[in-house]
Amino acid sequence: MTTTEHTELIRRLADDFTALQEAVLARMNGICAPETAAALEHASLAGPVTVVLAHADVLARGAVRRAELSAQLPERLRRLRAHARRVRRARSQAEARYKEQRARRLAGRSRPVDTLELRVARTAFAAAFDEALRQELRDRGLPDGTPQAPESDLGQWAWDRKAAGGEPPAPVRELRDCDDDAFVQALLRDAREEENPYLPHDAVAERWSRHARAALAWGRYAIGRAERDALACPLPARRTRLEALDDAYQDTAVLAARSREALLRATDLHDRMRDCVTTGPFAELVAQCRAAALTRFADAEPEMWHGVRELTARHRADCPERAGGCPHCHRALADALADAPPADADGDGEHPEATLPADVDRYALLADLPDTAVVAVADAAVGDESALCGYGWAAEDGTTGHGDSLASSSGEAEVIGICAAALSLLEHHEDAPVVLLCDSTEAVGVVDAALRSADPAAAHRTLLFPESRQLMARLVRHRHRVQVRWLKGHVGHDLNETADAFARLALRRATGRILPSAARKEEARILRSLGSGAGPLPAAA
């Protein structure tokens with residue numbers, strides 16, 4: 001193949017999504033033509049290959065799920081599962097290759113190196129240098145920036161200056177200015193109806209990348225609902241429902257591919273912004289600001305500056321890299337300067353987790369509760385294919401519960417479990433305070449914020465779907481009787497282990513991966529296991 005033909009093949013694969021995906025899957029299966037395999041190794045295709053494999057991964061998992069729900073022959077199901085594993089492995093390898101190529105590309109770019117004194121001062125005395133840099137930027141009429149400038153505010157300012165040249169097209173401005181919900185709806189239309197050519201524009205690429213995950217979650221939500229509908233039907237009557245499930249997987253595959261493309265676009269934008277402020281006049285401006293900030297730092301903190309100068313001078317005398325400006329030495333020098341406590345100290349010289357008895361450590365968070373408090377532990381389990389989740393809970397008084405819902409993340413699923421448990425206990429224990437323990441710090445923080453503010457909207461960044469938002473709105477009405485606290489998970493806590501077992505059972509039931517008779521036996525086994533435990537929590541004794 002001539003160079004011209006090879007270049008043309010690369011260009012065709014880059015421009016034709018279907019052709020690229022067919023070529024990638026053929027290579028994965030060992031049936032790819034040599035010239036195509038060689039073209040796929042071109043650096044320009046490293047990113048696009050991850051996009052087509054994100055799409056193929058969802059479709060492969062969808063084929064497996066449809067086969068499971070339609071009772072396909074075991075041999076066909078084994079083949080589909082093997083194919084899905086190969087696609088997942090190829091996707092992981094492609095993403096790793098893309099990261100390696102990008103790292104090599106960035107490493108090959110020459111960037112100005114600050115003086116050793118400046119780098120040591122910035123690292124060892126960050127707060128003092130930050131203030132000096134802010135004063136310098138302010139005096140020059142520039143954005144405040146941060147210690148990481150030019151990668152932050154100053155970098156954005158420089159990029160805007162360079163990219164200035166008129167307003168972007170009206171459709172881009174519309175995407176830039178609409179609220180978050182409207183933007184996510186635009187991403188869903190992009191996947192389900194017609195591709196939006198304005199999403200890759202620099203003015204909205206970062207926003208696209210930020211919200212692509214939310215759009216993808218709505219795709220998994222559609223899969224979960226379709227899966228529920230299919231499981232609710234007898235096997236002979238599932239054909240129409242399985243077609244709806246297939247449609248949901250097709251849409252979600254496009255959302256997964258577009259989510260990956262959004263990440264590539266945003267990454268490329270960040271790389272170009274970095275280039276903008278590390279070369280030419282902007283690089284010179286950044287260097288001037290940092291040098292002037294170092295002078296301000298030296299004037300404001302003479303003792304710190306004296307320490308920096310003495311240490312760097314001694315270091316240069318023996319450093320083998322001194323001719324290159326000691327490019328990798330500043331962190332070790334900063335560590336030597338910083339007056340940090342030893343790594344094994346925790347402020348008061350004690351180690352509570354290591355020295356306190358296990359029961360005291362585990363249950364200390366309940367010592368302040370009244371005897372009438374009802375304490376329970378909630379947990380949740382999420383799957384890979386859809387938004388279906390399971391939750392479970394177990395209380396000190398022996399009551400338990402479990403169920404399923406739809407969640408965009410493990411954090412949302414854990415919040416659902418907390419809310420469902422608390423609402424059930426509130427109903428069965430009049431006037432008693434209810435305390436829910438959970439091993440998810442995210443979920444505890446979200447629920448606590450909503451209860452403290454008396455506003456369910458305080459949890460909306462984590463709670464994407466209507467099911468969880470409705471539960472939270474109901475729980476907030478009882479905020480004066482409810483507390484939520486963190487509990488370290490999987491440390492032998494009977495209620496925590498029971499809640500976890502119920503959550504996993506609920507997920508298996510929701511996805512049809514356990515027969516009803518087997519689910520009943522498993523539920524009885526979990527309850528027997530709880531009954532044979534060490535009894536109630538010490539705080540409730």
Side-chain angles (χ1 to χ4, degrees), residues 213-214 216-218 220-221 223-225 227-228 231 375-396 399-426 434-451 456 459-476 482-514 519 522-523 526-527 529-530:
R213 182 173 295 184
L216 181 56
W218 281 108
R220 296 177 66 246
Y221 183 84
I223 291 174
R225 296 192 63 172
E227 195 173 2
R228 270 182 170 175
L231 286 164
V375 180
V377 180
D379 210 340
V382 296
D384 292 329
E385 292 87 0
S386 75
L388 282 173
C389 70
Y391 61 84
W393 56 271
E396 285 180 333
T399 57
T400 62
H402 59 282
D404 61 86
S405 187
L406 293 152
S408 63
S409 64
S410 60
E412 184 168 10
E414 298 276 5
V415 171
I416 289 171
I418 291 172
C419 292
L423 289 168
S424 179
L425 292 170
L426 286 165
V434 172
V435 180
L436 262 296
L437 309 179
C438 180
D439 59 12
S440 167
T441 55
E442 178 189 4
V444 169
V446 165
V447 177
D448 188 58
L451 294 176
H460 280 191
R461 287 179 65 87
T462 297
L463 306 186
L464 185 63
F465 298 152
E467 289 81 357
S468 59
R469 293 187 173 191
Q470 290 166 8
L471 282 172
M472 181 59 75
R474 289 173 56 197
L475 184 64
V476 166
V482 179
Q483 290 185 40
V484 58
R485 301 187 184 186
W486 178 77
L487 173 74
K488 186 175 182 179
H490 305 296
V491 291
H493 188 307
D494 293 335
L495 298 186
N496 186 214
E497 298 301 325
T498 300
D500 176 68
F502 272 133
R504 287 184 279 109
L505 174 61
L507 179 61
R508 292 168 66 200
R509 283 203 323 176
T511 55
R513 289 187 166 92
I514 186 171
E522 178 67 10
E523 182 175 359
I526 296 170
L527 289 172
S529 176
L530 177 63

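What you see is a predicted model; the values in this text were computed from it and never measured. All residue numbers in this chain count up from 1 along the given sequence. Both backbone and side-chain heavy atoms feed into the values below; hydrogens, waters and symmetry mates do not.
- The two atoms that bring Ala413 and Val382 nearest to each other are CB-CG1, 3.6 Å, heavy atoms only.
- Other residues, nucleotides and ligands contribute only 12 or fewer heavy atoms inside 6.0 Å of the CZ atom of Arg474.
- Dense packing is recorded around CZ of Arg513, with more than 12 heavy atoms of other residues, nucleotides or ligands lying under 6.0 Å away.
- Thr462 contributes no side-chain N or O that, together with a main-chain N or O of Ala459, makes up a donor-acceptor pair within less than 3.5 Å.
- Listed for the Thr498 side chain is a donor-acceptor partner under 3.5 Å among the backbone atoms of Asp494.
- Minimum heavy-atom separation, Ala506 to Gly390: CB-CA, 3.9 Å.
- Just one of Val447, Val446, Val482 meets the side chain to side chain contact (heavy atoms under 4.5 Å, CB included) condition when paired with Ile418; it is Val447.
- The distance from atom OH of Tyr391 to atom SG of Cys419, rounded to the nearest 0.5 Å, is 10.5 Å.
- Counting all heavy atoms, side chain and backbone alike, Asp379 lies closest to Glu414 at OD1-OE2, 3.2 Å.
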Quiz item: So Glu467 and Tyr221, side chain to side chain contact (heavy atoms under 4.5 Å, CB included) or not? Walk me through it.
Solution: CA-CA 11 Å; Glu467 289 81 357; Tyr221 183 84; 2.9 Å; yes
Practice problem: List the steps and the verdict of side chain to side chain contact (heavy atoms under 4.5 Å, CB included) for Val434 and Gln483. | Solution: CA-CA 6 Å; Val434 172; Gln483 290 185 40; over 6 Å; no
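- Across all their heavy atoms, Cys389 and Ile416 have their closest contact at SG-CD1, 4.4 Å.
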Quiz item: When you look at Leu475 and Leu426, which way does the side chain to side chain contact (heavy atoms under 4.5 Å, CB included) test go after all the steps?
Solution: CA-CA 9 Å; Leu475 184 64; Leu426 286 165; 4.2 Å; yes
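- For Ala519, the side-chain contact (heavy atoms from CB on, under 4.5 Å) test picks out Leu505, Arg509, Ile514, with sequence neighbours left out.
- One distance of note links CG of Leu463 with OG of Ser468; it measures 4.0 Å at 0.5 Å rounding.
- A pairwise comparison of heavy atoms in Ala378 and Trp393 identifies CA-CB, 4.1 Å as the closest pair.
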With a 3.5 Å cut-off and sequence neighbours excluded, list the donor-acceptor pairs that the side chains of residues 399-408 form with protein atoms.
unit_1 : atom_1 : unit_2 : atom_2 : d
Thr399 : OG1    : Asp397 : OD1    : 2.7
Asp404 : OD1    : Arg228 : NH2    : 2.8
Ser408 : OG     : Glu412 : OE1    : 2.5

Exercise. Verify side chain to side chain contact (heavy atoms under 4.5 Å, CB included) between Glu523 and Phe502, making sure each step is shown before the conclusion.
Key: CA-CA 7 Å; Glu523 182 175 359; Phe502 272 133; 3.7 Å; yes
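- Nearest heavy atoms, Gly383 versus Arg220: O-NH2, 3.3 Å.
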